[in-house]
Structure formats: structure tokens, C-alpha cells
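So the structure is just underneath, and the comments pick up after that.
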Amino acid sequence: MCGIVGAVAQRDVAEILIEGLKRLEYRGYDSAGVAVIHQGELTRTRRVGKVQELADALQTAPLAGGTGIAHTRWATHGEPSERNAHPHQSGSDIAVVHNGIIENHAKLREMLKGLGYQFNSDTDTEVICHLVDHELKSAPGLLAAVQATVKQLEGAYGTVVIDRRDPERLVVARSGSPLVIGFGLGENFVASDQLALLPVTRTFAFLEEGDVAEVTRREVHIYDLDGNPVVREKKESEITHDAGDKGEYRHYMLKEIYEQPMALARTLEGRIAQQRVLDSAFGDNAAELLKDIKHVQIIACGTSYHAGMAARYWLEDWAGVSCNVEIASEFRYRKSHLFPNSLLVTISQSGETADTLAAMRLAKEMGYKATLTICNAPGSSLVRESDMAYMMKAGAEIGVASTKAFTVQLAGLLMLTAALGRYNSMSVEMQAAIAQSLQSMPAKVEQALGLDDAIAELAEDFADKSHALFLGRGDQYPIAMEGALKLKEISYIHAEAYASGELKHGPLALIDADMPVIVVAPNNELLEKLKSNVEEVRARGGLMYVFADVDAEFASDDTMKVIPVPHCDEFMAPLIYTIPLQLLSYHVALIKGTDVDQPRNLAKSVTVE
Ligand code: M6R
């Protein structure tokens with residue numbers, strides 16, 4: 001949530017900062033701002049709305065200066081407005097950008113007001129500026145002042161501070177919100193995500209929890225929580241596909257939907273041999289860590305949670321290990337029982353989701369045998385702190401609505417099912433069948449994308465609807481949940497998903513001609529049961545949209561539109577049925593004219609609680 005970019009260089013940095021913000025805009029987009037130091041003066045421009053508003057303002061009134069910080073905001077404290085936009089200042093000397101939430105801001109604000117500081121915003125961030133200013137009265141320099149300041153902060157922060165009187169220095173601090181340092185030639189950078197800096201460098205060092213660093217043009221010094229100098233390894237970025245532009249597509253979301261065959265092919269590469277999934281897909285140490293696992297606890301949020309829900313069916317049905325799945329924000333605040341030989345699996349596109357990260361840290365304290373993350377972001381906190389990592393290699397996902405990340409997560413979880421199955425009760429034949437299914441996924445997804453035009457037409461039916469119900473059974477129930485989440489997220493239509501056997505226990509009361517019912521109906525052992533549920537809806541005058549296998553013997557009539565989905569095996573069916581639901585939400589949103597890539601109130605990477 002929110003994006004940070006900072007630079008210290010000999011050239012003017014405003015353009016670099018704006019380009020960085022554009023690349024981070026998916027993280028938050030209700031206001032943006034930049035502050036630079038030039039000839040001993042601090043100048044700042046802020047705008048409500050998207051980064052483009054800020055870029056336009058800088059076209060009209062350019063900012064010169066080689067040291068600067070910039071921010072794109074997802075509001076937590078204080079409405080989206082210019083006065084609440086970052087950077088925040090203390091007088092005309094100190095400017096600060098901040099990601100995260102300072103939980104003790106109210107207490108600090110009172111204390112600072114008592115010292116005579118005036119507040120100009122409703123944000124929690126402003127306390128950081130004034131604290132730094134106050135500490136500078138006794139500290140020997142900006143670094144020491146920031147070190148003294150962060151000791152007083154409770155909550156989460158990734159923050160960058162500049163001081164007009166010390167114009168060639170950025171001081172950055174990380175606790176709970178990621179920050180990365182980018183190394184250039186005679187210039188250095190900081191950002192909340194390496195994506196922001198790819199146009200200027202590919203060499204990065206990730207700050208660790210509690211780190212404070214001072215960054216000048218020629219040097220970077222990093223200190224740990226206790227103030228000891230530390231070295232954080234420099235790494236070359238592993239991002240091979242710079243997702244910086246939309247190419248021929250109208251939206252990132254559509255581009256990412258269409259990238260799925262390629263993303264799946266990439267995730268499979270080198271991970272299957274001799275008809276079985278290789279343990280090394282989960283890291284070099286995976287064979288040793290996976291072999292005794294008897295229970296899996298999956299933790300995730302949102303779309304990633306839905307992937308975990310699907311995997312529970314597979315792990316229990318096919319791998320013969322027990323499995324619980326829980327939303328991270330619930331898991332982290334309740335007491336759960338730890339079974340012997342348990343593996344904790346986190347699933348996260350960004351690798352920085354605050355709740356998932358906190359749940360993983362808690363699980364480590366509880367004594368899980370091992371932790372594994374299924375993650376798309378190399379170098380992210382989850383990857384660095386987990387014992388094992390399945391790197392998704394889906395390429396950067398920019399659209400706030402997760403699409404390719406979800407299907408690649410499903411593929412990764414199916415691989416995990418096969419890997420754990422091998423150490424438990426899965427036959428060699430089933431392992432081979434899963435391996436084969438995985439290898440044919442990219443082509444099958446390509447076929448499913450062929451439904452695009454038919455779905456675009458179907459979407460017209462939804463444009464005037466306020467609600468929709470999604471139904472599925474077995475491992476298609478989480479797919480129905482994901483379909484409902486996609487629709488509500490980008491078209492703002494209220495959508496719910498039910499396991500269709502549950503209909504008669506309440507939701508059937510909702511059925512009328514104004515409630516479209518979307519059914520995912522692959523040809524599996526639950527099909528006949530699902531057909532009975534479909535009849536229950538039909539009998540109550542409901543209008544259904546059934547995504548069914550070509551062999552499932554559903555026929556379109558006045559009450560039901562059947563959309564034939566390419567035939568596929570049971571292992572890949574959840575993944576294949578996801579595709580038409582993604583396309584449906586995309587086309588409904590297009591018709592409704594919403595902001596597809598940056599839907600209201602949301603952000604891509606949820607780094608606050
Ligand atoms: O980065 P993560 O996978 O941990 O993110 C989890 C959710 O915030 C995310 O999936 C969210 O639900 C998406 N906007 C869904 O499209």
C-alpha cells in the first residue's frame with residue numbers, strides 16, 4: 001500500500017521519481033507528491049488523484065534538484081486530499097514519505113503539540129517529520145535523529161527522510177513495510193519496490209526489519225535495530241519481464257489474463273522431469289523438509305486464500321495429508337492447535353501482505369516443522385523469511401485484481417500436492433497424471449481464452465444488475481468465490497459465492513429474476529448433485545449462466561445460458577474454469593466504465609494491517 005521512491009544524484013531527479021511512482025501506482029492511487037532539495041531550498045508539489053495529475057503539475061512548474069522523495073498514497077489516516085498527501089514537512093527543513101501505520105500517532109501528536117509543533121494534516125505520518133525535527137535539536141545529524149525517532153514509533157513504517165540543511169543525504173528506515181536500496185553509478189535510490197527503480201538500476205539491497213540506512217550519491221551505510229553497522233547483500237534483480245507497459249492491451253488486467261499461458265509455462269519450466277514434480281521446485285532444501293510432512297496449514301488473504309482453499313481439496317483427496325486453510329488476519333489473532341510434522345504454507349503474490357507475514361512469523365514461533373511460501377516477488381519479506389519458497393515466475397502483476405497470479409498459484413499448489421503425495425499415499429500413476437496435466441495447462445488455458453468474445457456478449461446482461469450469486473461444488477467452490485471477488489472488486493456489483501449444496505440453507509431466498517446466478521460445472525463426480533442445485537434455482541425463477549464442460553449435457557433455454565468450456569481433466573479444471581470468470585468480470589467492468597486496473601478504495605500490495 002502506498003509507494004515510495006527516493007533519489008540522490010548529480011542530475012535532476014524529479015522525472016526519475018515520477019516514473020518510479022507510475023510504476024508503483026498500483027499500490028495506491030488517491031494522491032501523490034514529490035519534494036526535492038535545490039540550492040538549499042525544499043520544494044514540494046502534491047496533487048489529489050493519480051500520479052498523472054502530479055506529472056501534469058510538474059510539466060507546468062518543473063522542480064529542479066538532485067535529492068528528492070516521492071510518494072503515491074492509499075489513505076489510511078485522513079481523507080485523500082492535498083493536505084494529507086505525502087511528502088509531509090516539518091517547517092521548511094524536513095520532508096518525509098511513509099508507508100505503514102504509526103499506531104501511537106495520537107499520543108505522539110499530543111506530545112509534539114506540547115512542544116509547540118503545529119500539525120497541517122490528519123495523517124499519522126506527520127508525527128515522524130516533527131519528531132525528526134525535534135530530535136535534530138540534540139542529535140549529531142539526520143541519521144542519529146531518525147534512529148532516535150524510530151525508537152519512539154509503534155506500528156509499521158517504511159520511511160524516507162530528507163533535510164534541507166543536509167542536501168545530499170536520504171535517511172531511510174524499515175519496520176513492517178518493505179524498502180529496497182538501488183545502486184547506480186554515482187547516484188543511489190530507494191523505493192518500496194524494486195519495480196520502481198528498474199529504469200535506473202538492476203542492483204538492489206533489501207533492508208531488513210529494524211534497519212536504518214543513510215544513502216548518499218557515493219555511499220550507503222546500513223545499521224541494524226541496535227545501531228550496529230550491517231551489510232545487506234547486493235543482488236541483481238531477477239525480474240526478467242519488466243511489466244512497465246500495457247502493450248497492445250487496453251488494461252493491465254486484460255494483458256495479465258492473456259499472459260496466463262506464458263506465465264504457466266514459465267512456472268513449470270525445469271520443475272517436472274520423468275513424469276514427476278521435482279522437490280527442488282520448492283528450494284534446494286525442500287526434499288529434506290517435505291518428506292515427513294503429515295499436515296499442512298495454509299495462510300493467505302483474498303485471491304491467494306481462494307487458491308489455498310482449492311488446494312485443501314487436493315492435499316486431502318490426493319496427497320493424503322490433512323490440511324487447514326485460514327485467512328491470515330484471523331489466524332494471527334487466535335490460538336490454533338499445532339499438529340506434529342506440520343508445514344506452514346503462505347501464499348502471496350506480493351510477498352509483503354502484512355497479515356500473511358505476521359501469521360508466518362507467529363507460526364515460526366509456534367514450532368512448525370517448516371515454512372514454505374508460494375510467492376511471485378523475488379526478494380520479498382515472505383521469500384526471505386520462509387524456509388522454502390516456490391517462486392511463481394508469473395511476471396509482475398500490475399492490475400489490482402489478481403488474475404495470472406491466481407492461476408499460477410493453483411499450478412504451484414498442484415505441484416505441492418504431487419510432491420507431498422509422493423511422501424504419503426499418492427500412487428506413481430497419479431503423480432504422472434498430475435505432471436502431465438500441469439504440462440498441458442498452458443495450451444488448455446489458451447483454448448479457454450477463446451471464450452473471450454462470447455463472454456463479452458454475455459457481460460451485457462450484467463451491466464444493470466446490482467447483485468450476483470456464484471455457485472460451485474468441491475474444488476470449484478473456491479473458484480466460485482474467486483469469481484465473485486473479481487466481479488465485486490472491479491465492477492462494484494455485489495457478488496457472493498456459495499457451495500451450491502448450501503443454497504437451500506438460506507441463500508435460495510435471494511433468487512429472483514434480478515439475481516443472476518453463475519454456476520461453474522465441470523464434468524466431475526459432483527455434477528449430478530450440482531444439476532439438482534441448478535433445478536432448485538430454476539424452480540424459483542432464477543436466471544442462470546452455466547459454465548459447463550462440453551459433455552455435461554446442459555442446454556440453454558429461457559432460464560439458462562450455457563457457456564461450453566473446453567474439456568479438461570480434474571486436476572486442471574479449477575484453473576481452466578477460472579479463465580471465463582476473469583473475463584466475465586473484466587467485460588462487466590468495461591461496460592460499467594469503472595477503473596479496471598485501479599478500482600476504487602483498493603491497492604495492490606496490502607502492507608498495513
Ligand atoms: O499479495 P497477496 O497475494 O498476499 O495479496 C492478497 C490479497 O490482497 C489480494 O489477493 C487481493 O484480494 C486482490 N486484490 C484480489 O484480486
Side-chain angles (χ1 to χ4, degrees), residues 1-3 24-29 74 177-178 192-193 195 251-254 256-257 260 263 298-311 325-332 345-361 372-383 385-386 389-392 394-410 412-413 470 478-479 481-492 495 497 578 581-586 589 594-609:
M1 331 230 64
C2 306
L24 294 183
E25 194 168 29
Y26 66 99
R27 297 174 70 105
Y29 33 81
W74 184 84
S177 266
S192 49
D193 186 323
L195 263 187
H251 294 103
Y252 281 112
M253 181 181 179
L254 189 63
E256 288 156 8
I257 288 174
Q260 288 176 108
I298 298 178
I299 302 288
C301 305
T303 288
S304 300
Y305 168 70
H306 296 153
M309 292 260 302
V325 188
E326 193 161 353
I327 295 166
S329 54
E330 286 299 311
F331 180 86
R332 64 181 288 195
V345 177
T346 53
I347 310 170
S348 176
Q349 189 285 128
S350 63
E352 299 292 352
T353 301
D355 285 322
T356 310
L357 197 53
M360 190 271 286
R361 288 175 183 155
L372 162 70
T373 188
I374 296 191
C375 187
N376 198 33
S380 62
S381 302
L382 275 171
V383 171
E385 294 184 33
S386 298
Y390 175 90
M391 293 315 308
M392 288 161 52
E397 191 180 64
I398 305 291
V400 164
S402 196
T403 52
K404 63 176 177 175
F406 180 66
T407 48
V408 172
Q409 284 166 351
L410 290 177
L413 287 159
F470 286 70
I479 303 310
M481 293 172 80
E482 174 59 9
L485 177 63
K486 282 292 88 81
L487 189 69
K488 59 188 149 196
E489 209 173 6
I490 60 165
S491 73
Y492 316 147
T578 300
L581 300 189
Q582 293 172 342
L583 289 167
L584 179 66
S585 63
Y586 175 75
T594 57
D595 190 339
V596 171
D597 284 332
Q598 294 175 343
R600 68 185 181 201
N601 305 339
L602 300 180
K604 183 71 182 166
S605 180
V606 186
T607 51
V608 294
E609 236 194 290

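All heavy atoms count here, side chains included; hydrogens, waters and symmetry mates do not. Counting starts at 1 for both ligands and their atoms, following the listed order.
Residues forming a side-chain contact (heavy atoms from CB on, under 4.5 Å) with Ser348 (at least two apart in sequence, or on another chain): Ser350, Thr353, Leu382. Applying the ring pair (Phe, Tyr, Trp, His ring centres under 6.0 Å) rule to Tyr305 yields no partners; only residues at least two apart in sequence or on another chain are considered.
Of the residues listed (Gln409, Gln349, Lys486), the one engaging Thr303 in a side-chain hydrogen bond (donor to acceptor under 3.5 Å, both in side chains) is Lys486, and it is the only one.
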(request) Kindly indicate, with the supporting measurements, whether the criterion side chain to side chain contact (heavy atoms under 4.5 Å, CB included) is fulfilled by Ser192 and Cys2. (result) CA-CA 8 Å; Ser192 49; Cys2 306; over 6 Å; no

(request) Under the side chain to side chain contact (heavy atoms under 4.5 Å, CB included) rule, what do Glu482 and Leu581 come out as? Steps first, then yes or no, please. (result) CA-CA 8 Å; Glu482 174 59 9; Leu581 300 189; over 6 Å; no

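Using a 4.0 Å cutoff on heavy atoms, Lys486 counts as a contact of ligand 1.
The protein heavy-atom contact nearest to atom 8 (O) of ligand 1 is Val606 CG2, 3.8 Å. In terms of protein heavy-atom proximity, atom 7 (C) of ligand 1 is closest to Cys301 O, 3.7 Å. Closest protein heavy atom to atom 15 (C) of ligand 1: Thr303 OG1, 2.9 Å. When only non-hydrogen protein atoms are considered, atom 13 (C) of ligand 1 lies nearest to Glu489 OE2, 3.3 Å. Scanning the protein heavy atoms around atom 1 (O) of ligand 1, the nearest turns out to be Ser350 OG, 2.7 Å.
Arg600 and Asp595 are not joined by a salt bridge, as no carboxylate oxygen comes within less than 4.0 angstrom of a charged side-chain nitrogen.
Ligand 1 places these atoms under 4.0 Å from at least one heavy atom of Ser304: 2 (P), 3 (O), 10 (O). Distances below 4.0 Å separate heavy atoms of Ser348 from the following atoms of ligand 1: 1 (O), 2 (P), 3 (O), 4 (O). Ligand-side atoms of ligand 1 in range of Ala401: 16 (O), range being under 4.0 angstrom from any heavy atom.
Asn376 contributes no side-chain N or O that, together with a main-chain N or O of Met392, makes up a donor-acceptor pair within less than 3.5 Å.
Between Gly351 and Cys375 the shortest heavy-atom distance is CA-SG, 3.5 Å.
Inclusion of Val400 in the set of residues having an N or O under 3.5 Å from an N or O of ligand 1 is warranted.
Compare Asn376, Thr346, Thr353 by their heavy atoms: the one nearest to atom 4 (O) of ligand 1 is in Thr353.
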